[in-house]
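Scroll down for the structure; my scribbles are underneath it.
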Amino acid sequence: MFAKAPRIKAGATARARRMRTEPTWTEAKLWKSLRTLKAHFRRQVPIGPYVADFACHSARLVVEIDGGVHQLPEVALRDMERDGWLASQGYRVLRFEVRQIEHDLDSVLAAIQSALASPSNRSH
């Protein structure tokens, strides 16, 4: 089916725990809203060599929040590589900019709910 996921990078679990205890304002806002959905999301969760902002394993969905640094070419390239690897593991990645969450949370949640309902995510 999918390639075997590599082991979690050394230190990734500790990093994820630290990130869960110190969320950004935007992460906290989205997390509060995700918890109202019927799907079970985890936050700052290690998946293979990466730590996803939010993941719903049952729907194979990852939600990422992109701040301004993600506009830098080298960071955008890393994001593309990361998204490709996650796709190879059966995950769909949704990316939202910080300002989308700050100013239009309803449309962000609608996009997430649409992805959760998508049959393409129900094949596993």
Side-chain angles (χ1 to χ4, degrees):
M1 184 147 319
F2 297 108
K4 185 177 178 186
R7 296 181 64 85
I8 295 171
K9 270 188 182 175
T13 302
R15 179 174 166 251
R17 284 184 186 132
R18 187 172 54 256
M19 292 170 73
R20 282 191 294 268
T21 63
E22 302 169 2
T24 66
W25 181 86
T26 309
E27 289 170 343
K29 183 174 183 176
L30 183 56
W31 175 241
K32 183 177 179 182
S33 295
L34 289 174
R35 292 183 58 132
T36 67
L37 302 179
K38 292 186 179 185
H40 176 73
F41 277 89
R42 294 183 58 208
R43 61 189 167 126
Q44 301 303 337
V45 57
I47 301 175
Y50 302 105
V51 176
D53 288 339
F54 303 97
C56 177
H57 292 299
S58 63
R60 306 297 281 183
L61 181 66
V62 169
V63 177
E64 291 290 325
I65 300 174
D66 292 346
V69 71
H70 291 268
Q71 307 236 350
L72 296 172
E74 62 273 12
V75 177
L77 179 61
R78 282 197 312 261
D79 287 344
M80 285 176 44
E81 291 170 354
R82 170 190 174 111
D83 291 356
W85 184 87
L86 288 165
S88 77
Q89 301 303 303
Y91 285 89
R92 180 172 174 195
V93 179
L94 296 181
R95 290 186 169 277
F96 299 99
E97 293 183 9
V98 167
R99 67 176 168 251
Q100 287 177 279
I101 294 163
E102 291 173 348
H103 301 294
D104 195 9
L105 183 59
D106 289 339
S107 68
V108 169
L109 291 173
I112 293 168
Q113 286 181 313
S114 177
L116 289 168
S118 171
S120 64
N121 287 330
R122 302 278 178 209
S123 60
H124 311 314

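Just so you know, residue 1 is the first one in the sequence shown, and it goes up from there. The shown structure was predicted, so the numbers you read here are calculated from the model rather than taken from an experiment.
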Interatomic distance, [X] atom [atom1] to [Y] atom [atom2] [nearest 0.5 angstrom]:
{"X": "R78", "Y": "D83", "atom1": "CZ", "atom2": "CG", "answer": "12.5 Å"}
{"X": "C56", "Y": "H40", "atom1": "SG", "atom2": "NE2", "answer": "8.0 Å"}
{"X": "S118", "Y": "R92", "atom1": "OG", "atom2": "CZ", "answer": "5.5 Å"}
{"X": "I101", "Y": "W31", "atom1": "CD1", "atom2": "CH2", "answer": "14.0 Å"}
{"X": "Q113", "Y": "L109", "atom1": "CD", "atom2": "CG", "answer": "6.5 Å"}

Less than 6.0 angstrom from the centroid, inside 45 degrees of the normal: does R60 satisfy that with respect to the ring of Y91? yes
Is there a side-chain contact between [X] and [Y], using heavy atoms and a 4.5 Å cut-off?
{"X": "I112", "Y": "F41", "answer": "yes"}
{"X": "I47", "Y": "V62", "answer": "yes"}
{"X": "E81", "Y": "W85", "answer": "no"}
{"X": "L61", "Y": "L94", "answer": "yes"}
{"X": "V63", "Y": "L30", "answer": "yes"}
{"X": "L34", "Y": "K32", "answer": "no"}

Look at the side chain of S114 and the backbone N and O of A111, then say whether any donor-acceptor pair between them is shorter than 3.5 Å.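 No, the answer is negative, given that no donor and acceptor are paired below the 3.5 Å cut-off.
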If only atom types and distance count, is the side chain of Q100 paired as donor or acceptor with the main-chain N or O of E97 below 3.5 Å?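 Side chain of Q100 to backbone of E97: a pair is present.
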Indicate the atoms forming the closest heavy-atom contact of I65 with F54, along with that distance.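 Nearest heavy atoms, I65 then F54: CD1-CE1, 3.7 Å.
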For K29 against E102, the heavy-atom pair lying closest together: NZ-O, 3.4 Å
Got a salt bridge between R82 and E64, using NZ or NE/NH1/NH2 to carboxylate O under 4.0 Å? yes
For R95, is there an ion pair with D79 - N to carboxylate O distance below 4.0 angstrom? yes
Would you check, one step at a time, whether the test side chain to side chain contact (heavy atoms under 4.5 Å, CB included) holds for E27 with R43? CA-CA 9 Å; E27 289 170 343; R43 61 189 167 126; over 6 Å; no
